[in-house]
Asks: 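Here you go, one structure.
Note that the numbering runs from 1 along the sequence shown for the chain. The structure displayed is predicted, hence computed values, not measured ones.
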Amino acid sequence: MRRVCIMLLMSLTMSVSGCIGATPTPLAGKKVLVVYGGWEGHDPVGCRDIFVPWLTQEGAEVILSDSLGIYKDEAVMKQVDLVVQAWTMGEIRPEEEAGLLAAVEHGTGLAGWHGGLGDSFRNSTAYQFMVGGQFVAHPGGTVDYDVEPSDRKDPVMKGIGKFHVRSELYYMHVDPAIRVLASTRMSGEHAPWLEGVEVPVVWKKMYGDGRVFYSALGHTAEDFSTPEVLEIMKRGIRWAVRQ
């Protein structure tokens, strides 16, 4: 059942941005489409409920959809400045995929986390080409690992040091064109032949005129209780929005 809820919510942040000396956020006045669904094990609703209130506080106008059909709505997609997607292990129809790809290629930003962006549509290589990578395994399931910034000068990672998480460690097949912002090293405990292999965890890239941001962190909403995980995603969303 398709449900599209348009939230015309102008936040306190947007009100403050009009005051003398206040600085608008990159999201102020932007139209952000949040698409959520797919496999429930990745808690799409819980994650939605973390980011939608924050987006409205940043001054964004949020469009919510629990259907991929929104991507073929040309009138909506032409207005959108950013798509935040949390949809795991689904199937996207050709016309839906074409609508999303065209929007991003023409400047709409795209941001997401974990399987919601990096394991959304396993049979859609054009989609994976846009995102810059695809999940292929998580040896050991939920494990302990450290995330190490690769580019400490990038605004997304500035001031964030090495940090520890206990979650699924995504082994990704990636596009050589991505700009890696953080990575981890495989321990080899569950796949000995991968010991010491460096795996990208956070990256950014361009797809046409659109900015694409991805974080492999965020298996469930609970993972965003780690301050670094939440802050990286917020910064990535701000970066990805249409400039």
Side-chain angles (χ1 to χ4, degrees), residues 25-27 30 32-33 51 55 58 80-87 100-121 124-138 145-165 167-186 194 196-219 223-224 226-243:
T25 76
L27 293 164
K30 301 292 187 178
V32 179
L33 172 61
F51 287 99
L55 285 165
E58 291 278 296
V80 170
D81 297 297
L82 174 68
V83 175
V84 176
Q85 181 182 280
W87 196 293
L100 176 60
L101 267 61
V104 177
E105 185 175 0
H106 290 97
T108 297
L110 177 65
W113 54 88
H114 202 62
L117 196 70
D119 190 24
S120 300
F121 314 116
S124 300
T125 55
Y127 168 84
Q128 296 164 18
F129 178 51
M130 174 181 63
V131 171
Q134 169 63 37
F135 158 85
V136 292
H138 43 54
Y145 63 99
D146 293 323
V147 178
E148 182 79 38
S150 305
D151 187 347
R152 295 177 185 270
K153 294 182 179 180
D154 188 275
V156 173
M157 301 305 300
K158 188 175 182 179
I160 296 178
K162 181 179 179 180
F163 62 95
H164 180 82
V165 296
S167 186
E168 287 184 344
L169 195 172
Y170 265 16
Y171 191 86
M172 308 288 293
H173 283 177
V174 299
D175 182 344
I178 64 173
R179 179 177 173 184
V180 179
L181 303 183
S183 61
T184 190
R185 290 192 180 276
M186 304 293 293
L194 295 178
V197 172
E198 186 173 355
V199 179
V201 174
V202 181
W203 69 69
K204 60 171 58 170
K205 62 163 290 187
M206 298 298 297
Y207 181 78
D209 291 329
R211 295 181 172 194
V212 179
F213 178 82
Y214 176 71
S215 171
L217 305 166
H219 172 59
D223 283 13
F224 290 107
T226 300
E228 293 90 346
V229 176
L230 181 60
E231 183 62 21
I232 287 170
M233 197 63 234
K234 286 180 175 179
R235 292 181 184 182
I237 288 172
R238 292 189 188 109
W239 173 82
V241 71
R242 185 196 303 269
Q243 302 301 301

Asks: So M157 and R152, side chain to side chain contact (heavy atoms under 4.5 Å, CB included) or not? Walk me through it.
Replies: CA-CA 5 Å; M157 301 305 300; R152 295 177 185 270; 5.6 Å; no
Asks: Give me the ring orientation class for H114 and Y170: parallel if the planes are under 30° apart, tilted from 30 to 60°, perpendicular past 60°.
Replies: parallel
Asks: Applying the side chain to side chain contact (heavy atoms under 4.5 Å, CB included) test to V32, which of V83, D81, L27 qualifies?
Replies: L27
Asks: Quick one: does R235's side chain have a donor or acceptor within less than 3.5 Å of a partner on K158's backbone?
Replies: yes
Asks: Please answer whether the main-chain N or O of T226 pairs with a side-chain N or O of E231 as donor and acceptor at a distance below 3.5 Å.
Replies: no
Asks: Going by the angle between their ring planes, with limits at 30° and 60°, are F135 and H138 parallel, tilted or perpendicular?
Replies: tilted
Asks: Got a second to check how far F213's CZ is from K205's NZ, nearest 0.5 Å?
Replies: 14.0 Å
Asks: What residues, two or more places apart in sequence or in another chain, satisfy ring-ring contact (aromatic ring centres under 6.0 Å, His included) together with W113?
Replies: F51, F224
Asks: Determine yes or no for a side-chain-to-main-chain donor-acceptor pair under 3.5 angstrom, with T184 supplying the side chain and D146 the backbone.
Replies: yes
Asks: Within the side chain of R242, is there an N or O that forms a donor-acceptor pair under 3.5 Å with the backbone of V80?
Replies: yes
Asks: So, for I160 and P149, which heavy atoms are closest and what is the spacing to 0.1 Å?
Replies: O-CG, 3.2 Å
Asks: Has R238 got a side-chain atom pairing as donor or acceptor with T25's backbone, closer than 3.5 angstrom?
Replies: no
Asks: For L82 and A240, which heavy atoms make the closest approach, and how far apart are they?
Replies: CD1-CB, 3.8 Å
Asks: Any idea which heavy atoms bring G116 and Q85 closest together, and the distance?
Replies: O-NE2, 3.1 Å
Asks: Checking side chain to side chain contact (heavy atoms under 4.5 Å, CB included) for the pair L101/F129: CA distance, chi angles, key distance, verdict?
Replies: CA-CA 10 Å; L101 267 61; F129 178 51; over 6 Å; no
Asks: Indicate yes or no for a side-chain donor-acceptor contact from Y145 to the backbone of E168 under 3.5 Å, with no hydrogens or angles considered.
Replies: yes
Asks: Got a salt bridge between E58 and K234, using NZ or NE/NH1/NH2 to carboxylate O under 4.0 Å?
Replies: no
Asks: Which is it for L110 and Y207 under the side chain to side chain contact (heavy atoms under 4.5 Å, CB included) test, yes or no, and what are the steps along the way?
Replies: CA-CA 9 Å; L110 177 65; Y207 181 78; over 6 Å; no
Asks: Under 4.5 Å between any side-chain heavy atoms of Q134 and M172, yes or no?
Replies: no
Asks: Name the residue from V104, I178, D175 that meets the side chain to side chain contact (heavy atoms under 4.5 Å, CB included) definition with V212.
Replies: V104
Asks: Can you check whether M233's main-chain N or O pairs, donor with acceptor, with S215's side chain at less than 3.5 Å?
Replies: no
